[in-house]
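First comes the structure, then the notes that go with it.
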Amino acid sequence: MARHGATASGGVNRQALSAEEFAAWRELIEWGRTLGMTPYTDAIGNLFLRLQCGDPDAPAVLTGSHLDSQPSGGRFDGVFGVLAGLEAVQSIVDAGVPLARPIEVVAWMNEEGSRFAPGMMGSSAFTGAATPESYFEIRDSAGVSVADGLTQLRAAFPDLERRALRRPYAAYLEAHIEQGPVLEGAGRTIGIVTGIQGKQTFRVTVRGEEAHAGTTLRRERKDALLAAIDIIGALSSEARDEADLVKFTVGRLVVEPNAPSVVPGRAIFSVDIRHPDSAVLARLGDAVPQLCRAHAGPCAVEVVRLTAAPSLAFPDDVTHAIAEAAERLGLSAMRLPSAAGHDARFLNDVCPTGMIFVPCKDGISHNEAESATPGDLAAGARVLAEVIAQHAR
Ligand SMILES: [Zn+2]
């Protein structure tokens, strides 16, 4: 899979609804077909592979993750969960495990949110947390909309069947690299994910006035970049906590017209705030619009909240099933919350959901250097297979 969108430094650039992701789809569909799985899609561009077995009308067990990556992403984020799901299906079929219900592997559309923001479009539209239509007009930096991308997807896969959103599932299980240093530091192989840290994201647009860098007096200027810097400084101070639990990030800043001799007329930036405690997170998020206005100086500011996701806990019976599977297989395990967001967040609203983490080298992710050992990945896939089989039997 890492060949699709491979970068010179050993990572991948395989963004949502790109030609690279379509190539990955093609390969995954082919692999699924060799296992006897039927591919299909839906109105928001998720890819499903269905293994028909047991009662065809019984809700299936769903597993998977995403195939899209950050622009300079690694080879494991997302794709591990999809391929581990496929490996699990292969093992279950090979072992002749009697199944009471179908199993499906999914690759959710646009988990990363790097080409089109926000992320997790596929899983949120699938579960009904958002409508597909609410995403269609969102555009990437080249002006291509989600609707355009979906049209290209359908053109690339004209024969793929389309099914309804919000179909019921018996369970959703997602394997993923940890994307943090906890498992590696503790010397454990399997992470039993207890829940997902919430996050709030915003898009802030500061509007000033373009002016001549040589002739315009300071008191007459409406410098959008200087205002943005003041605002970011204020938000960053507000987010500073003694315990070092708040995660505050401004990962994107666009300055217009971005010319050396022009006072910036517009600055647009992203804000991403995370905290494991929902109440603290809500307080920090609620403070953003007012802090932006208070530090905008002579400029106008517009704040759009893109995500307000509280922290959540996965159900005990799923985490217990994962813990028992790891124990049966003789793998060292520990419970931990996920510091990163995942599609499992939305599935947790509609069916019993759980996640399995494996260590990644030095906790590095969203980086071309992202790495995980074959042994750890195989261990995660084995636990996943056990838990899927248990839920599908
Ligand atoms: Zn991911």
Side-chain angles (χ1 to χ4, degrees), residues 1-2 4-5 7 11-18 20-21 24-25 28 44-47 62-87 105-127 172-184 190-191 193 195-199 201 247 249 251 272 274 307 309 312 314 336-348 353-372 376-377 380-381 384:
M1 272 299 170
H4 302 299
T7 59
V12 292
N13 178 6
R14 191 173 52 230
Q15 297 187 57
L17 301 177
S18 65
E20 293 77 20
E21 196 187 35
W25 265 48
L28 188 72
I44 193 66
N46 297 312
L47 172 61
L62 184 63
T63 186
S65 191
H66 58 97
L67 291 176
D68 68 315
S69 79
Q70 293 287 330
S72 54
R75 290 175 291 152
F76 301 93
D77 177 2
V79 66
F80 166 59
V82 176
L83 298 190
L86 210 63
E87 293 259 1
V105 175
V106 62
W108 300 111
M109 196 280 276
N110 188 30
E111 190 275 346
E112 296 288 359
S114 54
R115 181 181 176 192
F116 303 108
M120 298 184 225
M121 283 184 179
S123 50
S124 57
F126 178 83
T127 57
Y172 175 66
L173 303 158
E174 180 169 352
H176 208 283
I177 57 167
E178 184 203 330
Q179 302 183 283
V182 177
L183 289 174
E184 191 180 55
I190 299 296
V193 183
I196 297 179
Q197 166 175 262
K199 77 168 174 178
T201 66
K247 307 287 196 305
T249 307
D272 180 313
R274 308 187 195 204
T307 319
L312 65 85
F314 292 133
L336 80 172
S338 173
H342 295 286
D343 294 304
R345 154 177 294 288
F346 289 104
L347 275 295
N348 185 62
T353 292
M355 288 192 76
I356 298 159
F357 276 174
V358 294
C360 59
K361 191 171 186 301
D362 302 326
I364 292 171
S365 185
H366 285 188
N367 186 314
E368 292 170 286
E370 191 179 88
S371 187
D376 287 343
L377 296 168
L384 180 68

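As the structure lists them, so they are numbered: ligands from 1, and atoms in each ligand from 1. Because the structure is predicted, anything quoted here is derived from the model rather than measured.
D77 and H66 are linked by a side-chain donor-acceptor pair at a separation below 3.5 angstrom, with hydrogens and angles left out of the test.
D77 contributes OD1 as its N, O or S atom closest to the Zn ion (ligand 1). The Zn ion (ligand 1) is closest to atom NE2 of H66 (considering only N, O or S atoms).
At least one N, O or S atom of H176 sits under 2.8 Å from the Zn ion (ligand 1).
No more than 12 heavy atoms of other residues, nucleotides or ligands sit less than 6.0 Å from atom NZ of K361.
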Quiz item: Should E368 and S72 be marked as a side chain to side chain donor-acceptor pair (under 3.5 Å) after you check the CA-CA gap, both sets of side-chain angles, and the distance that decides it?
Solution: CA-CA 6 Å; E368 292 170 286; S72 54; 4.9 Å; no
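Side chain of D362 to backbone of I364: no donor-acceptor contact under 3.5 angstrom is found.
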